[in-house]
S.K.: 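Take a look at this one; I'll ask things after.
These values consider heavy atoms only, across backbone and side chains, with no hydrogens, waters or symmetry-generated copies. The shown structure was predicted, so the numbers you read here are calculated from the model rather than taken from an experiment.
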Amino acid sequence: MDQTIYDVFKGLLNNKDMHDVVLKVDGSTIYAHSLVLASSGEFWKQCFYEGKNKDFYSFDSKNQKWTFEISDLSKAHLLDLLEFCYTRVPKLRDDNVVKTFKFCEKFPMEVMKNHCGEFLAKNITENNVMEILQEFKVKSLEEQAFKFLSEDVAPWKKKDLFVGCQDPELITKIIKIEQIGAPELFVFRRLVEYGKDLCKKEGMEDNPENLKSVLGDYLPLIRLDLMTRKEFSEISKTMLYTIEQLCDASFKTLSNFDCKKHPISRGPPIIQKERMKILHMSANGQDWCENTKKSIMSTGISQITMINAETQTPTLEEMLKHHVVWVNSCRSFHNPQEVGDRLASFVEAGGSVVICAAHTLRNDNAKWVMQGRLTTGGFLPMSKGALKQGKRSKLGAIIQKEHLIVENVKKFEGGRFSSRILGQPTEGAELIAKWSDGTPLILEKKKGERYGVVVVLNIRPPNSDLDRKYWNKKTDGALMIANAVEYAGGESKLKFD
């Protein structure tokens, strides 16, 4: 096969033939060519043709060779960068882009630096957004990072979002963002964690007085008037605000949001419980359906469309008229394959799904078990498994204590049956809480950014009003289900007037 120009130039990289540049890195030697490097950035051009930057290299005039000591990149990362110099094909990954960007800033290589910026802008996550804002002073990249903070709830769920930040002005700028796609309580919590970190660095106890001291300029920026009554309880316990401040904010809250029952964000607003459109697919008897519907509506959710999944499978078009589909079964689905296939398409279109796993995710071929693409296409946060019941169990360890699904969920008792599936978290899933025996209780997974979320509640949904063998209605089962549906609806990409 004939070699392409790409192959020819790539073959010259780290080739002794006609080399005139030696790069020392990690105790190894890499061979390169001044002509190629000079065409890749102003720094190299100045070294080879203008005699500048002499602190960075030594020159052997007899053999006409330049030797550079490289400490800013590893050998593997330097080879990735040099491959771009030789082929003009950027080889960027999450593990090398940050150091490559910094290298190209220190030793000007504008074209590669721009490639790094474009890569970072498309791959901003909760794990790198603060590093990007602190390390990279590029306007377009900064704009993308602030856009991510204003539109995505993920960074605000990250407990240590601000921890370690060395730029107080940046913290102020972030808190002042007009639109944040997360409850204001999340912003407050991230600020408190930042304050605790500052106290630790100063060798101080993180008590209210010290926290107020280190957070004094930031606390007035929190929009207390966007808090709910329940959130005020958490805020007041921190003792970071005076009674007068809380009363003033409470008055504004009652004036603006009468009888608020859920978190409010600065905008774009999350879906209100009262406006959330829910499709409840239930392959169960009428008494079961009425019990579960009454239970969730007692929490403030109202727009529920019931579908008897024993007699029909809603079309994708019908599903797409709702933010979230809540599905469970104890009797036979009309068509288990269609259920899974259509729900997968619904999630791909941006809708969210909440599954009560027992019996829906048993690992057998009974007609009450969901089949289709939702179960085989990598959407589920928990694998199918055997059904376990008959031994009482209750809420165990809460892994993600700040997750909306477990907000105000203090107690849950599964009843005499305590039905649950012995499944395991799948790849990419997040485990939120466990049963007291260690079995997964609440899990979520989002397969892609454009997709809705899939939540699994590893329970049977009816309560002890229907039969004492089901979960105890005096515990927080209804709130847990409602929180899951509300959270999933908030993660839905589907919008309705």
S.K.: Give me the ring orientation class for His280 and Trp326: parallel if the planes are under 30° apart, tilted from 30 to 60°, perpendicular past 60°.
M.R.: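 Correct class here is parallel.
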S.K.: If the condition is ring-ring contact (aromatic ring centres under 6.0 Å, His included), which residues does Phe119 pass it with, not counting sequence neighbours?
M.R.: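 Here no residue qualifies.
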S.K.: Hey, is NZ on Lys157 packed in by over 12 heavy atoms from elsewhere, all under 6.0 Å?
M.R.: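 Buried by this count: over 12 neighbours within 6.0 Å.
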S.K.: Does any donor atom in the side chain of Asn328 or Asn284 lie under 3.5 Å from an acceptor atom in the other side chain?
M.R.: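 Yes, side-chain donor-acceptor contact under 3.5 Å.
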S.K.: What residue among Asp152, Leu133, Val129, Leu149 forms side-chain contact (heavy atoms from CB on, under 4.5 Å) with Ile124?
M.R.: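 For Ile124, the side-chain contact (heavy atoms from CB on, under 4.5 Å) test succeeds with only one of Asp152, Leu133, Val129, Leu149, which is Val129.
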S.K.: Would you please name every residue forming a side chain to side chain donor-acceptor pair (under 3.5 Å) with Ser140, sequence neighbours left out?
M.R.: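 Scan of Ser140 (side chain to side chain donor-acceptor pair (under 3.5 Å), adjacent residues dropped) gives none.
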S.K.: Got a sec: does the CZ of Arg93 have more than 12 other heavy atoms crowding it under 6.0 Å?
M.R.: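 Enclosed.
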S.K.: Are Arg373 and Glu348 close enough for a salt bridge, meaning some N to O gap below 4.0 Å?
M.R.: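 Salt bridge between Arg373 and Glu348, a charged N being under 4.0 Å from a carboxylate O: yes.
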S.K.: More than 12 non-hydrogen atoms from neighbouring residues, nucleotides or ligands closer than 6.0 Å to NZ on Lys99, yes or no?
M.R.: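 Result for NZ/Lys99: open.
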S.K.: So, the side chain of Lys445 versus the backbone of Glu427: is there a donor-acceptor pair under 3.5 Å, distance only?
M.R.: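 Answer holds: yes.
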S.K.: Would a distance-only check, ignoring hydrogens and angles, find a side-chain to backbone donor-acceptor pair under 3.5 Å from Asp476 to Lys411?
M.R.: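 Side chain of Asp476 to backbone of Lys411, a donor-acceptor pair under 3.5 Å: yes, one is there.
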S.K.: Can you see which heavy atom on Ser419 is nearest to which on Ala358, and at what distance?
M.R.: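 Residues Ser419 and Ala358, closest heavy atoms: CB-CB, 4.0 Å.
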S.K.: Got a sec, which residues hit ring-ring contact (aromatic ring centres under 6.0 Å, His included) with Tyr487, two or more places apart in sequence or on another chain?
M.R.: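 Checked Tyr487 against ring-ring contact (aromatic ring centres under 6.0 Å, His included); matches are His403.
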S.K.: Report the residue from Ile307, Asp341, Val339 that forms a side-chain contact (heavy atoms from CB on, under 4.5 Å) with Thr313.
M.R.: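 Answer after filtering Ile307, Asp341, Val339: Val339.
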S.K.: Under a 4.0 Å N-O cut-off, is there an ion pair linking Glu193 with Lys158?
M.R.: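 Salt bridge: no.
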S.K.: Determine the sole option in Asn458, Asp437, Thr439 for which the side chain to side chain donor-acceptor pair (under 3.5 Å) test with Lys388 is passed.
M.R.: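 Only match with Lys388 under side chain to side chain donor-acceptor pair (under 3.5 Å): Asp437.
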S.K.: Do Leu404 and Asn483 come within less than 4.5 Å of each other through their side chains, counting heavy atoms only?
M.R.: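 They are not in side-chain contact.
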S.K.: Hey, are the side chains of Val409 and Ile398 touching, using non-hydrogen atoms and a 4.5 Å cut-off?
M.R.: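 The answer is no; the side chains never approach within 4.5 Å.
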S.K.: For the residue pair Gln144 and Leu120, establish whether any side-chain heavy-atom pair is separated by less than 4.5 Å.
M.R.: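 The answer is no, as the side chains (C-beta and beyond) never meet within the 4.5 Å cut-off.
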S.K.: I'd like to know if the side chain of Gln134 and the backbone of Gln166 have a donor-acceptor N/O pair within less than 3.5 Å.
M.R.: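 Yes; judged by distance alone, with no hydrogens or angles, the pair exists.
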S.K.: Any idea which heavy atoms bring Arg420 and Lys391 closest together, and the distance?
M.R.: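 Between these two residues, the closest heavy atoms are NH1-O, 3.7 Å.
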S.K.: Around atom NZ of Lys122, are there more than 12 heavy atoms of other residues, nucleotides or ligands at under 6.0 Å?
M.R.: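 12 or below, so no.
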S.K.: Indicate yes or no: at least one non-hydrogen side-chain atom of Trp471 is less than 4.5 angstrom from one of Arg460.
M.R.: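 No, their side chains stay 4.5 Å or more apart.
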S.K.: Kindly write out the residues that satisfy side chain to side chain donor-acceptor pair (under 3.5 Å) with Glu209, not counting sequence neighbours, or none if the list is empty.
M.R.: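 Partners of Glu209 under the side chain to side chain donor-acceptor pair (under 3.5 Å) test: Lys212.
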S.K.: Any ion pair linking Lys294 and Glu290 (charged N to carboxylate O, less than 4.0 Å)?
M.R.: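 Salt bridge flag = no for Lys294 with Glu290.
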S.K.: Do Asp197 side-chain atoms and Asp160 backbone N/O form a donor-acceptor pair below 3.5 Å?
M.R.: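 No, the answer is negative, given that no donor and acceptor are paired below the 3.5 Å cut-off.
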S.K.: Shortest non-hydrogen contact from Gly351 to Ser492?
M.R.: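 Closest approach of Gly351 to Ser492, heavy atoms only: CA-OG, 4.0 Å.
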S.K.: Does Lys446 have any side chain to side chain donor-acceptor pair (under 3.5 Å) partners at least two apart in sequence or in another chain, and if so, which?
M.R.: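 Side chain to side chain donor-acceptor pair (under 3.5 Å) check on Lys446 returns Glu491.
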S.K.: Are any of the side-chain nitrogens in Glu135 or Lys102 under 4.0 Å away from the carboxylate oxygens of its partner?
M.R.: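 Looking at Lys102 together with Glu135, the answer is yes, because their closest N to O distance falls below 4.0 Å.
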S.K.: Quick check: do Met276 and Val485 have side-chain heavy atoms less than 4.5 Å from each other?
M.R.: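 Met276 vs Val485: side chains touch.
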S.K.: Any sub-3.5 Å donor-acceptor pair from Glu184's side-chain atoms to Arg223's backbone N or O?
M.R.: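 Such a contact is found between Glu184 side chain and Arg223 backbone.
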S.K.: With the side chain counted from C-beta on, respond yes when Leu343 and Phe379 share a heavy-atom pair under 4.5 Å apart, and no when they do not.
M.R.: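 Result no, sub-4.5 Å side-chain heavy-atom pair not found.
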S.K.: Within a radius of less than 6.0 Å around CG of Asp217, do more than 12 heavy atoms belonging to other residues, nucleotides or ligands occur?
M.R.: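 Not buried by this count: 12 neighbours or fewer within 6.0 Å.
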S.K.: Going from CG on Leu479 to CD1 on Ile296, what distance comes out if it is rounded to the nearest 0.5 angstrom?
M.R.: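 Here the rounded value is 10.0 Å.
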S.K.: Search all heavy atoms of His322 against all heavy atoms of Glu318 and return the closest pair with its distance.
M.R.: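 Closest pair (atom of His322, atom of Glu318, distance): ND1-O, 3.0 Å.
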S.K.: Can you name the ring-ring contact (aromatic ring centres under 6.0 Å, His included) partners of Phe333, sequence neighbours left out?
M.R.: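 So Phe333 forms no ring-ring contact (aromatic ring centres under 6.0 Å, His included) with any residue.
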S.K.: Glu234 and Arg189: salt bridge (Lys or Arg N to Asp or Glu O under 4.0 Å), yes or no, with the steps?
M.R.: CA-CA 10 Å; Glu234 177 175 331; Arg189 287 171 175 170; 2.8 Å; yes
S.K.: Return yes if some donor-acceptor pair links the side-chain N/O of Asn291 with the main-chain N/O of Asn463 below 3.5 Å, else return no.
M.R.: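 At least one qualifying donor-acceptor pair exists.
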S.K.: Looking at every non-hydrogen atom in both residues, tell me the closest pair between Leu240 and Pro208 and how far apart they are.
M.R.: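 That would be CD2-O, 3.6 Å.
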S.K.: Looking at residues at least two apart in the chain, or sitting in another chain, which of them share a salt bridge (charged side-chain N to carboxylate O under 4.0 Å, His left out) with Lys473?
M.R.: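 Scan of Lys473 (salt bridge (charged side-chain N to carboxylate O under 4.0 Å, His left out), adjacent residues dropped) gives Asp465.
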S.K.: Looking at residues at least two apart in the chain, or sitting in another chain, which of them share a salt bridge (charged side-chain N to carboxylate O under 4.0 Å, His left out) with Glu202?
M.R.: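 Result, salt bridge (charged side-chain N to carboxylate O under 4.0 Å, His left out) vs Glu202: none returned.
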S.K.: Quick one: side chain to side chain donor-acceptor pair (under 3.5 Å) partners of Asn308, sequence neighbours excluded?
M.R.: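 Expected list: none.
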S.K.: Output every pair passing ring-ring contact (aromatic ring centres under 6.0 Å, His included) with a member in residues 419-447, not counting sequence neighbours, ordered by first then second residue.
M.R.: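 For residues 419-447: Phe412-Trp435.
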S.K.: Should Phe186 and Glu402 count as side-chain neighbours, where that means a heavy-atom distance under 4.5 Å?
M.R.: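 Phe186 does not reach Glu402 side chain to side chain.
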S.K.: Where do Gln400 and Leu431 come nearest, in terms of heavy atoms and distance?
M.R.: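 What the structure gives for the nearest pair is NE2-O, 3.4 Å.
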S.K.: Can you name the residues that form a ring-ring contact (aromatic ring centres under 6.0 Å, His included) with Phe101, not counting sequence neighbours?
M.R.: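 Residues passing ring-ring contact (aromatic ring centres under 6.0 Å, His included) with Phe101: Phe136.
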S.K.: Taking atom NZ of Lys469 and atom OG of Ser418, what is their separation to the nearest 0.5 Å?
M.R.: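 If we round to the nearest 0.5 Å, Lys469:NZ and Ser418:OG are 12.5 Å apart.
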S.K.: Can you tell if the side chain of Val98 reaches within under 4.5 Å of the side chain of Glu131, non-hydrogen atoms only?
M.R.: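 Yes, side chains in contact.
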S.K.: Examine distances only and state if a side-chain atom of Gln179 and a backbone atom of Ile177 form a donor-acceptor pair shorter than 3.5 Å.
M.R.: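 A pair under 3.5 Å: no.
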S.K.: Tabulate below the donor-acceptor pairs under 3.5 Å that side-chain atoms of residues 360-372 make, not counting sequence neighbours, or state none.
M.R.:
from   : atom 1 : to     : atom 2 : distance (Å)
Thr360 : OG1    : Ser329 : N      : 3.1
Thr360 : OG1    : Ser329 : OG     : 3.3
Thr360 : OG1    : Cys356 : O      : 3.0
Arg362 : NE     : Asp364 : OD2    : 3.0
Arg362 : NH1    : His359 : ND1    : 3.1
Arg362 : NH2    : Asp364 : OD2    : 2.8
Asp364 : OD1    : Ala366 : N      : 3.1
Gln371 : OE1    : Lys384 : NZ     : 3.2

